[in-house]
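Below you'll find the structure, written out as structure tokens, and then a few comments.
Just so it is clear, the model here is predicted, and its values are computed rather than measured.
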Amino acid sequence: MATISGVRAVAGALLRAQGRGAWRTLSAASAAPQQTLRSQTEKHEGMFKVTMLPGDGVGPELMHSVKEVFKAAGVPVEFDEHHLSEVQNMASEDKLDEVVDSMKQSKVAIIGKIHTPMEYKGELASYDMRLRRKLDLFANVVHVNSLPGFKTRHNNLDLVIIREQTEGEYSSLEHESVKGVIECLKIITRDKSQRIAKFAFDYATKKGRSKVTAVHKANIMKLGDGLFLQCCEEVAELYPKIKFDTMIIDNCCMQLVQNPHQFDVLVMPNLYGNIIDNLAAGLVGGAGVVPGESYSAEYAVFEMGARHPFAQAVGRNIANPTAMLLSAANMLRHLNLEYHSNVISDAVKRVIKVGKVRTADMGGYATSIDFTQAVIAALAD
């Protein structure tokens with residue numbers, strides 16, 4: 001049983017480690033969507049090297065769709081594929097190091113969901129969390145955008161959720177203080193709160209957005225969320241052309257369901273971002289249609305916006321490749337492969353708009369292979 005003093009010592013060490021050097025990388029990190037060392041992406045004979053982690057559940061099937069579409073579109077990308085999975089007994093420090101080494105070379109990755117088992121086996125931090133920490137992937141960006149021709153309860157949605165994903169409730173600091181009493185520490189630091197706030201305002205500026213909303217629970221967590229909110233307010237003063245407001249997390253959930261059009265860019269701590277990502281994805285069609293991406297000062301990782309392994313669909317050929325294909329297109333844009341990015345994203349959206357080939361989650365009867373083949377056929381249109 002861990003003592004309270006022991007845990008406090010661990011927490012203090014974590015805070016000191018988190019604080020060191022944060023400001024030194026602030027400017028570079030906040031510009032990551034445009035400038036994450038694209039020029040350093042390894043290139044062999046005109047080919048861009050990209051790290052690929054298929055992940056768990058339907059991840060390998062979705063990656064197969066990506067590879068098939070890339071092949072048909074003649075995309076100059078070479079995948080360095082690695083397998084990291086706790087549920088398939090393919091996770092170890094050596095494998096994690098191999099992925100990190102690959103990322104050091106490529107600077108860019110496309111990944112599926114690395115599932116985190118709920119069982120406690122002596123290590124609180126999952127391999128997915130450890131990978132994100134090793135790469136310092138502090139900013140998760142999910143662009144929630146209605147798909148033309150696919151009607152949902154709210155149409156013409158266009159909002160962006162920016163989530164700090166290296167601390168908060170996911171700091172992996174838990175202990176049993178006395179038998180039957182578990183304490184779980186939520187870590188909020190000034191450096192990381194300022195960093196994600198600046199990232200959000202820089203993103204809004206670069207993308208021509210007009211408003212940033214900081215989502216919090218400072219009325220209850222007065223110190224932790226209070227610090228996050230204070231940092232957002234301080235950073236907002238540096239961007240007078242961007243409107244800034246705040247909203248309590250529970251009200252934000254209700255407002256997203258009732259009137260999501262009021263939002264533009266939302267920035268929030270870790271757990272709230274995880275919840276809001278999934279809620280907002282449901283507004284435009286679900287986990288199968290929303291792409292996502294994560295950034296550090298050096299690396300860019302492209303993934304699904306709502307991270308679900310969809311394990312019950314494994315091998316049934318029913319998973320929707322849309323989110324992964326759109327994420328792959330975003331990755332190509334990050335690599336300055338604008339033509340290939342536009343060709344693939346336009347083909348995906350054209351297939352959805354026509355409406356003849358849709359997977360079950362979108363009200364259709366098509367298989368994953370049917371949808372992939374339809375996208376490939378649309379590449380030439």
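Annotation: side chain of Val212 is not in contact with side chain of Asp264 (no heavy-atom distance under 4.5 Å). Ser172 has its side chain within reach of Arg133: a pair of non-hydrogen atoms, C-beta onward, lies under 4.5 Å apart. Under the 4.5 Å side-chain criterion, counting only non-hydrogen atoms from C-beta, Asn270 is not in contact with Glu167. The shortest distance between side-chain heavy atoms of Val257 and Leu279 falls below 4.5 Å. Phe302 has its side chain out of reach of Ile111: every pair of non-hydrogen atoms, C-beta onward, lies at least 4.5 Å apart. Contact annotation: the side chain of Met63 approaches that of Met324 to within less than 4.5 Å [non-hydrogen atoms, C-beta and beyond]. Counting heavy atoms from C-beta on, the side chains of Val265 and Ile162 come closer than 4.5 Å. The closest side-chain heavy-atom distance from Gln230 to Arg190 is below 4.5 Å.
For the pair Asn317 (side chain) and Ser368 (backbone), a donor-acceptor distance under 3.5 Å is present. Side chain of Ser65 to backbone of Thr372: no donor-acceptor contact under 3.5 angstrom is found. Under the 3.5 Å distance criterion, the side-chain polar atoms of Ser296 are matched with a main-chain donor or acceptor of Leu135. Checking side-chain atoms of Ser106 against main-chain N and O of Ser102 turns up a donor-acceptor pair under 3.5 Å.
Atom NE2 of His216 and atom CG of Leu227 lie 13.0 Å apart (nearest 0.5 Å). To the nearest 0.5 Å, atoms CD (Glu174) and CD (Glu176) are separated by 11.5 Å. Here Lys243 contributes atom NZ and Ser210 contributes atom OG; the two are 8.0 Å apart, rounded to the nearest 0.5 Å. Atoms CD and CZ, on Glu61 and Arg316 in that order, are 10.5 Å from each other to the nearest 0.5 Å. Atom CD in Glu303 sits 13.0 Å away from atom CE in Met331 (nearest 0.5 Å). Summarising the geometry, atom CG belonging to Leu53 is positioned 6.5 Å from atom CG belonging to Leu131; distances are rounded to the nearest 0.5 Å.
Heavy-atom contacts from other residues, nucleotides or ligands closer than 6.0 Å to CD1 of Ile182 number more than 12.
Between Tyr239 and Phe244, the distance separating the two ring centers is not shorter than 6.0 angstrom.
Under the 4.5 Å side-chain contact rule for hydrophobic residues, Leu223 and Val215 do not share a cluster. Connection of Leu326 to Tyr339 is established within a shared hydrophobic cluster, with ILVMFWY side chains joined at heavy-atom distances below 4.5 Å, either directly or through further cluster members. Cluster annotation: Leu238 is connected to Ile242 through the hydrophobic network of ILVMFWY side chains, with a link wherever side-chain heavy atoms come within less than 4.5 Å. Leu229 and Ile161 end up in different hydrophobic clusters when Ile, Leu, Val, Met, Phe, Trp and Tyr side chains are linked at under 4.5 Å.
Nearest heavy-atom pair across Val50 and Ala109 is CG1-CA, 4.1 Å. The minimum heavy-atom distance between Val348 and Phe371, with the atom names listed, is CG1-CZ, 4.3 Å. In plain terms, the two heavy atoms of Ile344 and Leu325 that are nearest each other are CG2-O, 4.2 Å. Here the shortest heavy-atom pairing between Leu256 and Leu283 reads O-CD1, 3.5 Å. Here the closest heavy-atom approach between residue Ile188 and residue Pro269 is recorded as CD1-CB, 4.4 Å. Closest non-hydrogen pair, Leu157 versus Pro260, comes out as CD2-CG, 3.5 Å.
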task: Could you go through the salt bridge (charged side-chain N to carboxylate O under 4.0 Å, His left out) check for Glu234 and Lys198 one step at a time?
output: CA-CA 10 Å; Glu234 292 171 353; Lys198 189 174 191 305; over 6 Å; no

- request: Go through the steps for Leu266 and Leu159 under the test side chain to side chain contact (heavy atoms under 4.5 Å, CB included), then give the verdict.
  value: CA-CA 8 Å; Leu266 300 93; Leu159 58 95; 4.0 Å; yes

- request: Applying side chain to side chain contact (heavy atoms under 4.5 Å, CB included), run through Arg333 and Ser345 and close with a yes or a no.
  value: CA-CA 10 Å; Arg333 186 170 294 109; Ser345 62; 4.2 Å; yes

message: For Asp80 and Thr51: C-alpha separation, side-chain torsions, deciding distance, then whether side chain to side chain donor-acceptor pair (under 3.5 Å) applies.
response: CA-CA 5 Å; Asp80 181 22; Thr51 303; 4.8 Å; no

- prompt: Going through the checks in order, is the side chain to side chain donor-acceptor pair (under 3.5 Å) test met by Thr367 and Asp370?
  reply: CA-CA 5 Å; Thr367 64; Asp370 291 338; 3.0 Å; yes

task: Starting from the C-alpha separation in whole Å, work towards a yes-or-no answer on salt bridge (charged side-chain N to carboxylate O under 4.0 Å, His left out) for Asp128 and Arg132.
output: CA-CA 6 Å; Asp128 182 47; Arg132 294 176 191 276; 3.2 Å; yes

message: Apply side chain to side chain contact (heavy atoms under 4.5 Å, CB included) to residues Ile276 and Cys252 and explain how you reach the verdict.
response: CA-CA 9 Å; Ile276 295 297; Cys252 180; 4.2 Å; yes

- request: Tell me, with the steps shown, if Gln255 and Met247 meet side chain to side chain contact (heavy atoms under 4.5 Å, CB included).
  value: CA-CA 10 Å; Gln255 294 295 329; Met247 189 171 290; 3.9 Å; yes

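Between the side chains of Asn342 and His340, no donor-acceptor pair is found at a separation under 3.5 Å. Remark: the Arg195 side chain and the Thr189 side chain contain no N/O donor-acceptor pair separated by less than 3.5 Å. Side-chain contact check for Asn155 and Ser146: no donor-acceptor pair (N or O, by modelled atom type) lies under 3.5 Å. Side-chain atoms of Tyr272 and Asp250 include no donor-acceptor pair closer than 3.5 Å. With hydrogens and angles left out, the side-chain atoms of Asp245 and Thr213 include a donor and acceptor closer than 3.5 Å. Using modelled atom types and a 3.5 Å distance limit, the side chains of Asn330 and Ser327 yield no donor-acceptor pair. For the residue pair Thr359 / Asp361, a side-chain donor-acceptor distance below 3.5 Å is found, with atom types taken as modelled. His154 and Asn259 form no side-chain donor-acceptor contact under 3.5 Å, judged by distance and modelled atom types alone. Ser294 and Asn140 are linked by a side-chain donor-acceptor pair at a separation below 3.5 angstrom, with hydrogens and angles left out of the test. Between Tyr170 and Asn274, the side chains place a donor N or O and an acceptor N or O closer than 3.5 Å (distance only, hydrogens not considered). No side-chain donor from either of Arg358 and Asn320 sits under 3.5 Å from a side-chain acceptor of the other. For Ser193 and Glu164, the side-chain atoms include no donor-acceptor pair closer than 3.5 Å. At a cut-off of 3.5 Å, with distance as the only test, no side-chain donor of Lys186 or Ser171 sits close to an acceptor on the other residue.
Note that Lys207 lies in the cation-pi zone of Tyr203, set by a 6.0 Å cut-off to the ring centre and a 45° limit from the axis.
Salt bridge annotation for Glu81-Lys67: present, with a cationic side-chain nitrogen under 4.0 angstrom from a carboxylate oxygen. Under a 4.0 Å N-O distance rule, the pair Asp225/Lys217 does not qualify as a salt bridge.
Between Phe138 and Phe199, the ring planes are perpendicular. Angles over 60° get that label, and only those under 30° would be called parallel.
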